[in-house]
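Quick notes on the structure that follows.
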Amino acid sequence: MYLSVFDIFKIGIGPSSSHTMGPMVAAARFLGLLAASPFHARGLRATLHGSLAFTGVGHATDRAVILGLDGVTAETYDAEAAESALARIRRERQVRPPGLGALDFDPDSDLVFDYETPLPGHANGMVLSATDAQGDVILTETYYSIGGGFVRTAAEMAAGGTEEEAGAPVPYPFHNAAEMLDMAARSGKSIAQMKRANEATLRSPRALDDGLAAIWAAMAACIDRGLATGGTLPGGLNIRRRAHDIHERLKAERGLNLTPPHTINDWMSVYAMAVNEENAAGGQVVTAPTNGAAGVVPATIRYWLDHVPGAQPSQVGDFLLTAAAIGGIIKRNASISGAECGCQAEVGSAAAMAAGGLAAVLGGSPAHVENAAEIALEHHLGMTCDPVKGLVQVPCIERNGLGAIKAVSAASLALRGTGEHFMPLDNCIEAMRQTGRDMSEKYKETALGGLAVNVPNC
Ligand code: SF4
């Protein structure tokens, strides 16, 4: 199964790729199924199971499903339009997906949180159904949101992936970092060039470049919205959005002789925090590789473009392709999901991707890229996922800032050497997989351990 750059980087909505974006993707897939069927539906129903039921409200799963059944997708999402659509749906008790007309859907009765019956395929299960005029089910499908915005039906779970994921063979089918380095050495190509050749089996060069530009535009817009927005995040923790104020102070300090050199870390942090505050507020973000870790890659790119002499916007595509190659290897051989392997798999993977991408655009060889990714991942090993109240806020927002700082340091350190180093990236990924396997469930997105149970009483 080839993982495209657009499987790793997907435009989505916050706060969670598995609990918000996945359900919205599932709703879109079900509407497609309904449109292609011979049935004339009168109404829709949705049931959330397992983790989607338990933490669904905190992760805005209900909102994502309602909007998704109204035809909203992550790519077309607009916060203001979404609010008025939700008000209309609640008032009319109907959704209006394009091409399917008005369908009965009362969010209070047709969207069910089933806390009793987990589905067998995955912790994040949901069932979508269409009904006729008598209320009888005429079409139904079960979907699993398996992390990173990826969605599979029960049949696809059994088959090991979707038909689209199976795809055509690619010219550089590297499954791990060793194969990636070997193919790069044999072909004389950079990692981004190999990835471009692989993507060419799926789309034209023009479509690839347009898609990469759209991904970076969405990332950049998310940073800018986050830097421009103050106030308090939703969810009940009363967490103040800090990126705006910090950015204003950083701009005011710019050029002052007394500014200490480590202030550059605050710039990296503030770009990442801007993204993750947007994510926590339910805004549009790009999975990189997940929503919870969405700030690291954009912050590293923005740091490079705005602060590193000689950075060329035309190279952003190569950054993203290189980062996607690293993310794909980690997803294939371990995990990019906090629910599976803790935060080492989310922010750790994001830092490895960003470090690899930065090393590439700074002129590093494939060996430098592999080295940079390894350093970044190695120093996230063991990191647990313990979000307070199940919200993607504490520790996630700051953690992305620190992830970006580690990514930049890892790339810089790798570029000081030749690319030769002691611990191969593949071994580090395997260590991450084993550590994740051995990690208590308390530390895997359940909010039952760590910081999540050490909250001050105030
Ligand atoms: S703590 Fe958990 S929810 Fe937060 S970024 Fe890390 S993996 Fe994602």
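Atoms within a ligand are numbered from 1 in the order they appear, just like the ligands themselves. Note that this is a predicted model, so its numbers are computed, not measured.
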Side chains of Ser17 and Thr290, donor plus acceptor under 3.5 Å
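Ser17 vs Thr290: no donor-acceptor pair found between side chains.
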Polar side chain donor-acceptor pair, Thr73 to Thr76, under 3.5 angstrom
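Distance-only check passes for Thr73 and Thr76.
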Result of checking Pro289, Ser335, Cys428, Ser349 against Ile330 for side chain to side chain contact (heavy atoms under 4.5 Å, CB included):
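With Ile330 as partner, side chain to side chain contact (heavy atoms under 4.5 Å, CB included) holds for just one option, Ser349.
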With Leu250, which of Leu227, Asp245, Val270 fulfils side chain to side chain contact (heavy atoms under 4.5 Å, CB included)?
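Of Leu227, Asp245, Val270, side chain to side chain contact (heavy atoms under 4.5 Å, CB included) with Leu250 is met by Val270 alone.
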Here's one to test your reading of the geometry: is the NZ or CZ of Arg302 within 45 degrees of the ring axis of Tyr271 and under 6.0 Å from its centre?
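Ring-cation test returns yes.
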Please lay out, stage by stage, how Tyr2 and Glu199 fare under the test side chain to side chain donor-acceptor pair (under 3.5 Å).
CA-CA 9 Å; Tyr2 171 66; Glu199 295 289 329; 2.6 Å; yes
What protein N/O/S atoms lie closer than 2.8 Å to atom 6 (Fe) of ligand 1?
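Less than 2.8 Å away from atom 6 (Fe) of ligand 1 sit Cys343 SG.
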